[in-house]
Amino acid sequence: MNLKVAGLAALLAVSGCEFEVDPPAVGCGPSNCVGCCQEGVCVAGTAAAQCGAAGATCSACAGHQACLSQACGMDPNQVWLVTPSFAMVKDTNNGNGWDPDGSSPDPYVKLNGVKGPVADNTVLAEWTQAYEVKASDLLAGTLTFQLFDEDTVSDDSISSAYALQVTEADFAAGKKSYLPFDAVEQFEIKFQKKP
């Protein structure tokens, strides 16, 4: 302590004045914040950009998530656009041609029994039709998909029906890919959060 400050303190003590020191500033933390701390300030912790609780540092939720009860996670009521987007079908149907004339298949996908558009005469099918589905249904695996070859008399099954089970990692990636199964070499379904 330098001499001027010591002298001032002594003078104030003799004159009967009390010398007060301001208490240290209290920052944002578990003892004083129910929400989360953003740059030392307590915020509600309910926004996707500032999510958190109990005075912890706020987190920014990933693009596929929402801030629910002050924690980042999937909003079960969020609607997603689900697009069966690509399939590579095997050249033959158990060693036989897909169509009587030996031409390639005409693939389409049924998503929960709803027939999608047909890709004509190809083993490399691409589609753009999207279906609106709630996240809760995708996470629960209650939807099914199945691939078919459209024919004039009766359609051939390219695959069996499978449950569409989506994980948070699939939502984050924006797609789910399947490798060889049944008469399918590759299949891809895309997910986009509905604005």
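Side chain of Lys193 to main chain of Gly63: a donor-acceptor pair is present (N/O by atom type, distance under 3.5 Å, no hydrogens or angles). Under a 3.5 Å cut-off, the side chain of Lys176 and the backbone N or O of Gln165 do form a donor-acceptor pair. Between the side chain of Gln146 and the main chain of Ser159, a donor-acceptor pair closer than 3.5 Å is present. Between the side chain of Asn32 and the backbone N or O of Gly27 there is at least one donor-acceptor pair closer than 3.5 Å. Without hydrogens or angle criteria, Glu150 side chain to Ala119 main chain gives no donor-acceptor distance under 3.5 Å.
Summarising the geometry of Gln70 relative to Gly35, their closest heavy-atom pair is NE2-CA, 3.5 Å, with the distance given to 0.1 Å. Minimum interatomic distance between Gly95 and Thr92 (heavy atoms only, all atoms of both residues): N-OG1, 3.3 Å. Minimum interatomic distance between Ala130 and Thr83 (heavy atoms only, all atoms of both residues): CB-OG1, 3.3 Å. What you find for Tyr131 and Pro117 is that their closest heavy atoms are OH-CD, 4.4 Å. In terms of heavy-atom proximity, Pro84 sits nearest to Gln129 at CD-O, 3.9 Å. Listed here is the closest heavy atom pair of Ser104 and Asn121: N-OD1, 3.0 Å.
SG atoms of Cys58 and Cys36 are separated by less than 2.5 angstrom, consistent with a disulfide link.
Side-chain contact between Phe187 and Val109: present, with at least one pair of heavy atoms (C-beta onward) separated by less than 4.5 Å. Using a 4.5 Å heavy-atom threshold, the side chains of Tyr178 and Val184 count as separate. By the 4.5 Å heavy-atom criterion applied to side chains, Asp182 and Tyr162 are counted as neighbours. A 4.5 Å side-chain heavy-atom check between Lys90 and Val123 finds every atom pair outside the cut-off. A heavy-atom distance below 4.5 Å is not found between the side chains of Pro105 and Asp156. The closest side-chain heavy-atom distance from Gln65 to Glu168 is below 4.5 Å. Side chains of Asp99 and Asp149 form a contact here, defined as non-hydrogen atoms less than 4.5 Å apart.
The line from CG of Asp137 to CD of Glu132 is 12.5 Å long, rounded to the nearest 0.5 Å. Met88 contributes atom CE, which lies 10.0 Å from atom OG1 of Thr122 (distance to the nearest 0.5 angstrom). Here Gln38 contributes atom CD and Thr57 contributes atom OG1; the two are 8.5 Å apart, rounded to the nearest 0.5 Å. Here the straight-line distance linking atom CG of Leu68 with atom OG1 of Thr46 works out to 10.5 Å at 0.5 Å rounding. Atoms OG1 and CE, on Thr167 and Met74 in that order, are 9.5 Å from each other to the nearest 0.5 Å.
For residues 73-127, the pairs satisfying ring-ring contact (aromatic ring centres under 6.0 Å, His included) are Trp80-Phe171, Tyr108-Phe148, with sequence neighbours left out. Sequence neighbours left out, the pairs with a member in residues 63-113 that pass disulfide bond (SG atoms under 2.5 Å apart) are Cys51-Cys67, Cys61-Cys72.
Atom CG of Asn77 sits in a crowded spot, with more than 12 heavy atoms from other residues, nucleotides or ligands closer than 6.0 Å.
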>> Does Cys42 form a disulfide bond (SG atoms under 2.5 Å apart) with Cys28? I'd like the steps, not just the answer.
In response: CA-CA 6 Å; Cys42 182; Cys28 180; 4.6 Å; no

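Connection of Phe145 to Leu139 is established within a shared hydrophobic cluster, with ILVMFWY side chains joined at heavy-atom distances below 4.5 Å, either directly or through further cluster members. Taking hydrophobic clusters as Ile, Leu, Val, Met, Phe, Trp and Tyr residues chained together by side-chain heavy-atom distances below 4.5 Å, Phe181 shares a cluster with Leu164. Put simply, Val114 and Leu138 are part of the same group of oily side chains (I, L, V, M, F, W, Y) that touch within less than 4.5 Å, one to the next. Linking ILVMFWY residues whenever their side-chain heavy atoms come closer than 4.5 Å, directly or via other members, leaves Phe191 and Leu81 in distinct clusters.
For Glu126, there are no salt bridge (Lys or Arg N to Asp or Glu O under 4.0 Å) partners at least two apart in sequence or on another chain. For Lys190, the salt bridge (Lys or Arg N to Asp or Glu O under 4.0 Å) test picks out no residue, with sequence neighbours left out. In this structure, Glu39 has no side chain to side chain donor-acceptor pair (under 3.5 Å) partners at least two apart in sequence or on a different chain.
Here Val153 is tied to no hydrophobic group at all, with no ILVMFWY side chain closer than 4.5 Å.
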